[in-house]
Amino acid sequence: MTDPDGYDDSFDDPFQPIGTRAESAPAPVRPQGGIAARAMAARRAPDYLTGLNPEQRLAVETTEGPVLVLAGAGTGKTRVLTTRIAHILATGLARPSEILAVTFTNKASREMKERIAGFVGGNVEGMAWLGTFHSICVKILRKHAELVGLKSSFSILDTDDQIRLIKQIIQAEGLDDKRWTAKAFAGMLDGWKNRALGPKDIPEGEARAFANGKGRKLYEEYQERLSILNAADFGDLLLHVITLFKTQPDVLKEYQRRFRYMLVDEYQDTNIAQYLWLRLLAQGNPNVCCVGDDDQSIYGWRGAEVDNILRFEHDFKGATVIRLERNYRSTSHILAAASHLIAFNEGRLGKTLFTDFEEPDHDLVSVASVWDSEEEARTIGDEIETLQSRGHSLNEMAVLVRASFQMREFEDRFVTLGLNYRVIGGPRFYERMEIRDAMAYFRCVAQPADDLAFERIVNTPKRGLGDATLKLVHGVARAERIPLMQAASQLIDTEELKPKPRNALKSVLDNFERWRRQLDQMKHTELAEIILDESGYTEMWRQDRSAEAPGRLDNLKELIRSMDEFESMAGFLEHISLVMDRDSADATDAVSIMTLHSAKGLEFDTVFLPGWEEGLFPHQRALDESGRAGLEEERRLAYVGITRAKKRAKLYFASNRRIHGLWQSTVPSRFLDELPPDHVEIAEASSSYGGYGGGGYGPSRFDSHDPFDKGSYSTPGWQRAQRAKQSSSGFSDGGGRGYQSARQKRQGPLTIEGELVAKSVSDTPSQFSLGERVFHIKFGYGAIKSIEGNKLTIDFEKAGVKKVIDSFVERH
DNA sequence: ACCGAAAAAGTTTTT
DNA sequence: CTTTTTCGGT
């Protein structure tokens with residue numbers, strides 16, 4: 001791309017439309033459905049359309065007006081999106097630079113680019129407006145920065161910079177930064193910005209909730225600081241563009257005119273700000289196509305507004321809604337399980353997935369009970385080995401957990417088994433300490449006014465420049481209104497500093513000056529190496545004898561290697577703030593371990609789903625904090641998990657789990673009871689199972705290990721779903737008394753029609769006394785050493801000292 | 001200014 | 001039980 005902002009791109013489109021467009025003609029405006037257009041499309045019977053089913057084809061060919069494509073899991077969503085773009089290009093309806101295609105992640109936009117390239121023959125450079133919400137906003141903002149009070153060279157703060165900045169503001173305000181943490185405020189800020197609320201717009205209640213009513217003031221101050229630093233945080237990228245569009249009608253018109261067709265991926269994940277952004281653009285042009293699945297909305301907790309997709313028809317008048325329900329991924333059992341489960345949710349647009357993929361020998365969805373997380377890992381490890389020995393590739397297997405702490409147990413087990421695995425997710429490459437440090441050095445060289453970067457590395461490695469010195473520098477900087485580095489160099493010339501810090505500071509500044517001079521003279525990768533070397537940074541890690549140190553050095557090498565792809569240091573820094581995920585394109589065969597959240601969009605032949613227990617999944621916190629909505633989001637997460645499986649879905653629940661160091665008994669997840677019995681098998685009981693089911697709580701049909709007993713299937717929720725499902729035929733299952741009466745007796749978490757009312761841990765004082773001899777199903781006999789509420793510390797005769805919950809032991 | 005010990009907290013994640 | 005962050009002593 002010759003033009004860096006891709007905006008004033010000339011008409012040298014790399015795509016040659018299949019249509020009859022004259023070479024020098026301006027963009028054709030053709031009435032959709034016009035005879036010529038249809039003839040044009042028909043003439044070639046383009047091969048890109050031939051493999052589509054009727055709904056997919058409709059979604060591709062309905063180019064005019066608002067379109068909502070409800071694409072269930074595995075129904076070819078990405079295919080529709082990319083084919084639609086290819087179709088618009090091929091029929092000459094728009095040029096590549098006139099299509100806006102928005103995704104959430106860089107990964108998604110990269111994939112889309114690749115797939116469009118497949119259609120159009122390699123060159124997708126013309127698709128200047130295919131990218132994430134944020135990258136597109138940056139592109140717009142760089143062009144019009146002055147109109148919203150920024151300079152075009154503004155820098156983008158990442159989460160870490162943001163937190164440190166907030167911390168400074170909180171301290172400057174004289175607040176206790178322990179009582180009012182920067183992290184907490186960052187969370188509130190995020191919430192506000194997700195809803196497109198500026199300092200003046202935030203609700204009074206929320207403004208008061210933080211720091212004795214200083215919330216609004218802090219927000220204002222934070223924005224002020226950002227503008228002084230000529231910086232924007234991630235939320236600002238969107239908000240500034242919204243402001244720009246609202247205050248500059250001519251600019252808005254320009255973009256409305258430019259974007260003839262707009263596409264949004266994963267629409268169920270959009271927040272309010274993103275919605276408003278889209279609405280502004282769509283005002284001038286109704287050709288908006290949003291693709292999403294309300295049943296896969298799992299990011300409500302970070303601001304995603306399911307309402308956006310639920311209200312689409314209302315918001316975009318005359319919208320065509322197309323449902324993609326034919327699933328190309330999973331067996332009928334897996335689909336039945338997922339569909340039955342998700343039917344328990346109320347607020348949904350409703351889709352029913354179906355498939356032709358039906359063979360008598362398909363595995364049922366399996367549910368297995370295990371004693372504890374250790375046995376869970378052992379069982380899954382064994383099953384993986386069995387599958388592997390039958391010739392299944394490890395790449396086609398995944399363990400999907402609810403929370404990351406569950407991963408360790410599997411890693412441990414797989415290590416002892418010598419099973420190859422990879423963990424997906426976790427800290428991103430660019431979030432690692434060493435990468436951020438190195439980046440801060442580069443930023444200081446390339447952007448001398450980058451205070452946050454300077455602060456980060458001024459004393460890394462240790463140079464004897466602590467708080468005291470830094471405070472002085474800060475004081476000068478604030479008084480003179482100059483960047484920290486400039487302030488530091490002034491300070492050196494005075495006598496205010498003691499000789500030791502003074503020399504240290506001087507040597508740091510001298511270094512930066514030297515590096516800056518070398519910036520234009522040598523290759524940026526070479527300079528980067530020199531910087532890390534001469535600053536003593538690499539040496540610092542070489543001295544470090546901790547286990548991670550070698551890995552960190554490797555990461556630094558990797559960082560330098562990745563810089564090679566960029567033209568210059570500045571070019572590298574420009575891109576890095578928005579795009580830098582490590583491409584772990586690992587060729588080795590390995591089982592994947594990841595959270596359910598990071599599994600969205602992926603698929604595997606076999607999916608292992610451990611930890612289906614109340615409190616963990618659905619997670620207690622989701623229930624406590626968001627009630628019904630929280631439960632429904634958890635259920636969607638379960639739906640996402642099951643639908644990742646192509647051939648085999650295997651679910652597990654443990655009767656006992658160690659949470660925060662103490663053993664707790666657990667109840668099988670209500671989601672297990674929401675699965676359709678005909679498509680589920682209860683897996684064989686494990687040998688080590690002691691016959692102690694459910695930890696003394698109410699029964700679940702999964703307490704039974706008799707493979708012939710599929711349980712009663714009569715929980716209230718199950719009946720409700722049955723009624724919903726069969727309401728057309730008037731059929732209703734009348735059973736269920738047995739379970740209900742048992743449920744009323746149980747002492748565990750109290751639920752009323754799926755809504756949790758009591759907390760998980762009982763607050764009644766323990767009925768045990770010190771020194772008492774007790775029996776525990778796992779650890780055997782022991783004596784009570786101490787009691788804290790319902791937590792007992794017990795010295796077991798065989799197992800040693802353990803902490804357990806009192807409901808776990810009985811008097812003896 | 002730096003290091004070690006104690007205390008606190010401990011879903012989910014992208015840009 | 002772990003990991004991370006903070007506090008206090010040297």
Side-chain angles (χ1 to χ4, degrees), chain A residues 102-109 131-138 156-163 167 177-178 181-183 187 190 193-194 232-239 266 269-271 273-274 297-304 373 400-409 412 424-428 430-431 433 459-470 498 500-501 504 575-581 594-601 611 615-626 630 633-634 636-638 640-641 657-664 801-804:
Chain A
V102 207
T103 64
F104 273 84
T105 64
N106 291 306
K107 188 172 166 234
S109 83
T132 61
F133 274 102
H134 297 268
S135 70
I136 286 167
C137 285
V138 168
I156 299 160
L157 256 58
D158 63 24
T159 320
D160 202 79
D161 293 329
Q162 191 188 21
I163 300 266
K167 196 163 198 170
D177 62 346
K178 295 201 64 183
T181 63
K183 243 192 181 154
D190 212 43
K193 292 192 173 183
N194 283 337
D233 63 23
F234 287 124
D236 283 347
L237 297 178
L238 270 147
L239 293 197
E266 305 279 16
D269 289 340
T270 49
N271 60 34
Q274 286 154 344
S297 162
I298 53 174
Y299 286 112
W301 50 272
R302 70 172 194 212
S373 52
L400 309 184
V401 297
R402 172 67 246 263
S404 44
F405 76 82
Q406 294 171 262
M407 292 181 181
R408 169 175 291 239
E409 201 105 38
D412 287 351
I424 316 266
R428 301 257 159 296
Y430 64 86
E431 278 171 359
M433 193 206 307
N459 199 31
T460 312
K462 301 279 186 289
R463 304 188 170 93
L465 295 166
D467 282 349
T469 315
L470 217 55
K498 295 204 175 78
K500 230 161 72 185
H575 278 261
I576 217 68
S577 49
L578 280 177
V579 189
M580 175 126 187
D581 32 22
M594 70 187 97
T595 63
L596 287 161
H597 282 90
S598 35
K600 195 172 79 161
L616 177 59
F617 192 32
H619 200 280
Q620 193 58 50
R621 215 150 139 181
L623 264 32
D624 289 346
E625 284 169 15
S626 316
E633 183 154 313
E634 295 286 295
R636 292 193 288 268
L637 201 49
V640 167
R657 196 171 284 277
R658 200 166 51 182
I659 299 164
H660 305 336
L662 20 114
W663 286 94
Q664 288 193 230
V801 179
K802 303 270 178 199
K803 278 190 169 183
V804 299

Which one, [options], comes nearest to the side chain of [X]?
X         : options                  : value
Thr159(A) : dC1(C), dT15(B), dT13(B) : dT15(B)
Thr595(A) : dT11(B), dT13(B), dA1(B) : dT13(B)
Ala622(A) : dT15(B), dT2(C), dT11(B) : dT11(B)
Thr469(A) : dT15(B), dA1(B), dT13(B) : dA1(B)
Phe234(A) : dT15(B), dA1(B), dT12(B) : dT15(B)
Ala468(A) : dA1(B), dG10(B), dT15(B) : dA1(B)
Ser598(A) : dT2(C), dT13(B), dT11(B) : dT13(B)

[X] side-chain N/O to [Y] backbone N/O, donor-acceptor pair under 3.5 Å:
X         : Y         : answer
Glu633(A) : Gly300(A) : yes
Arg636(A) : Ser297(A) : yes
Asp236(A) : Leu239(A) : no
Glu266(A) : Phe104(A) : no

Partner set under side-chain hydrogen bond (donor to acceptor under 3.5 Å, both in side chains) for [X], not counting sequence neighbours:
X         : value
Gln406(A) : none
Asp233(A) : Gln162(A), Lys193(A), Tyr222(A)
Ser135(A) : Thr132(A)
Ser373(A) : Glu409(A)

Phosphate OP1/OP2 of dT13(B) contacted by Ser404(A) side-chain N/O (<4.0 Å): no
Partner residues of [X] under the side-chain contact (heavy atoms from CB on, under 4.5 Å) criterion, sequence neighbours left out:
X         : answer
Glu625(A) : Arg621(A)
Phe405(A) : Ala403(A), Leu616(A)
Asn459(A) : Lys462(A), Arg463(A), Leu465(A)
Ser598(A) : Met594(A), Thr595(A)

Closest nucleotide of DNA chain B for Glu625(A) versus for Thr105(A): which of these residues is on the 5' side?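 Counting from the 5' end, the first nearest nucleotide belongs to Glu625(A).
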Closest-nucleotide 5' rank along DNA chain B - winner of Phe104(A) and Pro501(A):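 Its nucleotide being nearer the 5' end, the pick is Pro501(A).
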Rounded interatomic separation in angstrom, taking [atom1] from [X] and [atom2] from [N]:
X         : N       : atom1 : atom2 : answer
Glu431(A) : dT13(B) : CD    : P     : 11 Å
Asp269(A) : dT15(B) : CG    : P     : 12 Å
Asp160(A) : dT15(B) : CG    : P     : 16 Å
His597(A) : dT12(B) : NE2   : P     : 9 Å
Ile163(A) : dT15(B) : CD1   : P     : 17 Å
Glu409(A) : dC1(C)  : CD    : P     : 14 Å
Ile298(A) : dT11(B) : CD1   : P     : 17 Å
Met407(A) : dC1(C)  : CE    : C1'   : 18 Å

Between N or O atoms, less than 3.5 Å apart, protein on one side and nucleotides 5-10 of chain C on the other: list the pairs.
residue, atom, partner, partner atom, Å
dC7(C), OP1, Lys178(A), NZ, 3.2

Can you tabulate the close N/O pairs, meaning under 3.5 Å, that link protein atoms to atoms of nucleotides 2-6 of chain B?
residue, atom, partner, partner atom, Å
dC2(B), OP1, Gly464(A), N, 3.2
dC2(B), OP2, Asn459(A), ND2, 3.2

Sidechain N-carboxylate O distance under 4.0 Å for Asp190(A), Lys183(A): no
Would you check if [X] stacks with the base of [N], given a 5.5 Å centroid limit and a 30° plane limit, both strict?
X         : N       : answer
His660(A) : dG10(B) : yes
Tyr299(A) : dT13(B) : no
His134(A) : dT15(B) : no

Indicate, with a heavy-atom threshold strictly under 4.0 Å, whether [X] touches base, sugar-phosphate, or nothing.
X         : answer
Ser135(A) : nothing
Glu634(A) : base
Asp158(A) : nothing
Arg402(A) : base

ring-ring contact (aromatic ring centres under 6.0 Å, His included) with His597(A): which residues, sequence neighbours excluded?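 Tyr299(A), Trp301(A).
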Stems in DNA chain B: runs of 3 or more consecutive Watson-Crick or G-U pairs, distances under 3.5 Å?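 DNA chain B forms these stems: B:1-10 with C:1-10.
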